[in-house]
There are 2 protein chains.
Amino acid sequence: MNLKQLSALLGLSQTTVSRALNGYADVSAATRARVLAAAEAHDYRPNTRARALATGRSGVIGHVIPRINTHAMVNPIFADFIAGAGETYSQAGYEMLISVVDDGEEEKAYRSMKRRGLVDGLVVSAPRMNDPRIALLDEIGLPYAVHGRATGADRPYCWVDVNNRRAFARATDFLIDLGHRRIGLINGMETMDFAHRRRRGYEEALRARGLAVDAALTRQDEMTEGYGWRAARELLALPDPPTAFLVSSVICMLGVRRAIEEAGLMLGRDVSAITHDDQLSYLRDDGPVPTFTATRSSVREAGQRLARMVIDRIDTPQVPHAHELLEAELIIGRSTGPAPR
Amino acid sequence: MNLKQLSALLGLSQTTVSRALNGYADVSAATRARVLAAAEAHDYRPNTRARALATGRSGVIGHVIPRINTHAMVNPIFADFIAGAGETYSQAGYEMLISVVDDGEEEKAYRSMKRRGLVDGLVVSAPRMNDPRIALLDEIGLPYAVHGRATGADRPYCWVDVNNRRAFARATDFLIDLGHRRIGLINGMETMDFAHRRRRGYEEALRARGLAVDAALTRQDEMTEGYGWRAARELLALPDPPTAFLVSSVICMLGVRRAIEEAGLMLGRDVSAITHDDQLSYLRDDGPVPTFTATRSSVREAGQRLARMVIDRIDTPQVPHAHELLEAELIIGRSTGPAPR
DNA sequence: GCCAGTTTCAAAAGCGCTTTGGAAAGCTCT
DNA sequence: AGAGCTTTCCAAAGCGCTTTTGAAACTGGC
């Protein structure tokens, strides 16, 4: 059933049926009701491709995931973020397109998407420091919003980010309040903007309390369980080991806990640790008192907000660039306690 | 730059340019070269929407993720699976569309996708027993392939699956060879077809060796770290506890290890455990000897193969339904050893 | 009863591509 | 040289929608 058939069936022109369906004013209430009823009865849906061609808008928003050589490390955040964004899209009548792009081909991919009219807008993920994609997309003329910020990008752009600096500063501060003086940082890769900001928060908080930053107490790498374990093990083996850790993700934290327990220590008593918790659905920390003290911020919610932001950007490009800085909650769990003396 | 402009520029008709670009025979080699060069020079890309409208094919393949109430549990497998499928799609010139659909609205969503001409085909994930989606999609007339199988579905359909039954049977057998007689099963939700098959493999292997199946030794739930921990803790607390575990996912396994270590036991010596390992990129078990003995099968590869299968299904619907049964490797790591006496 | 203004609808022109159905030119062969 | 092919190109129709433009019908005021 297409528009032509539907309008023939109703004895109306395609114009009228189309305008009735799309809520224009110049169709009488009676006709509109008749049209709506018929559309419902025959379960008519306008053909997406035809509509897209006619309107010049595809109703699709793209997410690009770069494929780094063959063993692309997929971001564990990805699934929940997508789920959040997808919810907003489907409510707003948009579709989500995910494109896996060979690393280094990103520019080509963006240009191609624009030329082919594939998408109306884009979501940029995992920004690095001085990320070149921002200037590129402005040049191409594709609306977009960034999940995170790119330190060094000097032009305005839309973003949703967690206040990583403050979250880690607060966590550090909290550990200092508990009496900890040697605090290790088990960070993500610091080419990633978020990790860079977390380190800043950590260092600022230490300095603000008159504590020295000891580079020997920090690590950075891809956030796996094994990395958390290795890093914590190494740090605990130091002559003057930290009594507390700041950890970049729950997956890492699982490894950190393992190292602590292996060392015959008890998490939350002998050693404290705070992790950042993106509230990934398959790692949820249930129970009345959470296992881990954490700076918590839902990445799913970030996905929702970012989706909304791109849509707004598409609809009203003249409006100034929007920003949302989400504050992470500091949730006290059982992995922190006063520093042992 | 569109077709019209490009052909005007070349002094050719749109027909000729279009046919040259699409590799038809009735255009001379000289003209084709000229067209190709011009297209390259101006970076011409045919408009996706227009092409889709003209050909009746969208070049898009859909993945539906159901949203169960508000706390949709996102499958941890999702990201890697999508990455695998996406790689194949982009090589084959397809795009991937992901649609988040409220649970219970799936049928409506499928029908709508078909009517709107949104997608050329679909990938069905996480089949349950007697999954109704298979009959539904046949009725709707949308090509599809299933990631996994649906016990009870009596019609032919395309699928890619891991031989879960055999994998768990082999793992069980291996544990029995090591002298284990009481083996616990920490399974996923058995409404899921894969979990059902794993249990079958486990039970068959036990019976084949003359061992009784003890329902008290099995658990099923959503596969989180906390669940693994709780399940292992409970089982270890039994009067006659198991000496080995079969575990459904690496995330669970992290919890199982924790419970074992907490009980003052050593994994691989006092208690053995084998997990299924989907080779999720952010949980990769690196190192020369893997930490966990595992039945290993790359979910990313499954994604690749399934994508290929849907594409084939779209291109050649008359061909009989394809199946691929991937065998999981049994990889020996450090989490198994002879049963203690 | 007529004019201006408002409602309500329809014809037709796109959107940018593919594809059908020729037509013109070039070739071979007798 | 003309019939019959083959090769190479093109005009135009069509995919299913939206949107512009304009016409018909209806309204009220005088």
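A, B, ... follow the sequence lines: proteins, then strands. Residue 1 opens every chain. No hydrogens, no waters, no symmetry mates; every other heavy atom, side chains included, goes into these values. If you're wondering where the values come from, they're calculated on a predicted model, not measured in any experiment.
Contacts of Asn2(B) with the nucleic acid, taken as non-hydrogen atoms under 4.0 Å apart, involve only primed sugar atoms and P, OP1 or OP2.
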Do Tyr94(B) and Val310(B) pass the side-chain contact (heavy atoms from CB on, under 4.5 Å) test, and can you show the C-alpha distance, the side-chain angles, and the key distance before you say yes or no? CA-CA 11 Å; Tyr94(B) 275 88; Val310(B) 203; over 6 Å; no
Between Tyr157(A) and Arg149(A), is the side-chain contact (heavy atoms from CB on, under 4.5 Å) condition met? List the steps. CA-CA 9 Å; Tyr157(A) 58 95; Arg149(A) 280 168 290 176; 3.5 Å; yes
Please determine whether side-chain contact (heavy atoms from CB on, under 4.5 Å) holds for the pair Asp161(B) and Leu325(B), giving the CA-CA distance in whole Å, both sets of side-chain angles, and the decisive distance to 0.1 Å. CA-CA 5 Å; Asp161(B) 199 3; Leu325(B) 189 55; 4.3 Å; yes
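Tyr24(B) has no side-chain polar atom (N or O) that falls below the 4.0 Å cut-off from OP1 or OP2 of dT18(C). OP1 or OP2 of dC17(D) has at least one side-chain nitrogen or oxygen of Tyr44(A) nearer than 4.0 Å.
Along DNA chain D, the nucleotide nearest to Asp26(A) and the one nearest to Asp26(B) differ in position, and the one closer to the 5' end is contacted by Asp26(B).
Per the geometry, CG belonging to Leu118(B) stands 15 Å off C1' belonging to dC17(D), to the nearest Å. Per the geometry, CG belonging to Leu3(A) stands 13 Å off C1' belonging to dT19(D), to the nearest Å. Between the CG atom of Asn22(B) and the C1' atom of dG16(C) there is a distance of 13 Å, given to the nearest Å. What separates CZ of Arg34(B) from C1' of dC9(D) is a distance of 12 Å, to the nearest Å. In this structure, NZ of Lys4(B) is placed 15 Å from P of dT18(C), rounded to the nearest angstrom.
At a non-hydrogen distance threshold of 4.0 Å, Leu53(B), Ala54(B) from residues 47-58 of chain B come into contact with DNA chain D. In the region residues 9-19 of chain B, proximity to DNA chain C at under 4.0 angstrom, judged on heavy atoms, holds for Gln14(B), Thr15(B), Ser18(B), Arg19(B).
Formation of a donor-acceptor pair under 3.5 Å by the Lys114(A) side chain with backbone atoms of Leu142(A) is not found in this model.
A side-chain contact (heavy atoms from CB on, under 4.5 Å) with Arg51(B) holds for exactly one of Ser58(B), Ser18(B), Pro46(B); it is Pro46(B).
Ionic pairing of Arg111(A) and Asp43(B) is not present here: no N-O contact between side-chain nitrogen and carboxylate oxygen is shorter than 4.0 angstrom. Between Arg116(B) and Glu95(A) there is a salt bridge, since a side-chain N of the basic residue sits under 4.0 Å from a carboxylate O of the acidic one. Ion pair Asp315(A)/Arg57(A) flagged as a salt bridge, since at least one NZ, NE, NH1 or NH2 atom sits closer than 4.0 Å to an Asp/Glu carboxylate oxygen.
Checking Arg45(B) against Ser112(A) by side-chain atom types alone, a donor-acceptor pair falls below 3.5 Å.
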